[in-house]
Amino acid sequence: MVFYLQVASRARNELIDITGQVTELVKKSGVSSGVCHLFSLHTTGAITVNEGADPAVRADIARFLATLVPVDAPFSHGEGNSDAHVKTSLVGPSETVIIEGGRLLLGTWQAIFFCEFDGPRTRKIAVRITADE
Ligand code: ZN
C-alpha cells in the first residue's frame with residue numbers, strides 16, 4: 001500500500017524529523033514484519049536517516065551541505081536553486097527501513113529526516129509499506 005506524507009518546511013535549508021509521522025503510518029498499515037520505503041517526490045528535497053537526539057546534528061548537516069554547495073556557485077540552471085538540486089542528488093531521494101514487531105527498526109539514536117533544500121514549501125513523500133510474505 002502507498003501512503004503520502006505531507007511536510008511543511010519553514011526554512012530554505014532544513015532537516016525535518018518525520019519519524020513520528022512514518023511510525024503512525026506503519027501502525028495504520030497493520031504490517032508487523034516487512035519494509036517501509038520512503039521516496040521524496042521532489043527535485044530539491046531529499047530523505048536521510050541520521051541522529052535525531054541532538055538537534056545540532058541535523059543543523060550541522062544542513063549547514064555543511066550549504067557550505068559544500070554554495071547557492072551562488074556558477075550554475076547553468078536559471079531558477080536560482082541549482083544548489084538545492086545538487087544537494088538533493090548528494091543525499092538521495094529515498095530510504096528503506098525494516099519493520100519488525102510492528103515498529104520501525106531504527107537504532108537508538110536514529111531518526112528519519114526530510115531534507116529541505118529550497119524551502120519554505122509544502123512537500124510530499126510517498127511511503128510504500130510492504131509486508132513479508
Ligand atoms: Zn530548479
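Just so you know, ligand 1 is whichever comes first in the structure, and atom 1 is the first atom listed for that ligand. Bear in mind the structure is a predicted one, so any value in this text is a computation, not a measurement.
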**Fill in**
Residues passing the salt bridge (charged side-chain N to carboxylate O under 4.0 Å, His left out) test with K124, sequence neighbours excluded, are none
**Message:** Using 0.5 Å steps for rounding, measure from the OG1 atom of T122 to the CD atom of Q6.
**Reply:** 6.0 Å
**R103: partners by side-chain hydrogen bond (donor to acceptor under 3.5 Å, both in side chains), with sequence neighbours left out** = none
**Request:** Look at the side chain of E14 and the backbone N and O of A11, then say whether any donor-acceptor pair between them is shorter than 3.5 Å.
**Result:** yes
Check residues 44-51 and write down every donor-acceptor pair under 3.5 Å in which the side-chain atom is one partner and the other belongs to a residue at least two apart or another chain.
| residue | atom | partner | partner atom | Å |
| --- | --- | --- | --- | --- |
| T44 | OG1 | R123 | NH2 | 2.8 |
| E51 | OE2 | D54 | N | 3.2 |

**Request:** Could you please tell me which protein N, O or S atoms lie under 2.8 Å from the Zn ion (ligand 1)?
**Result:** H77 NE2, E79 OE1, N81 OD1, H85 NE2
**Asked** Given I99, which of V35, L105, D132, V26 fulfils the side chain to side chain contact (heavy atoms under 4.5 Å, CB included) condition?
**Response** V26
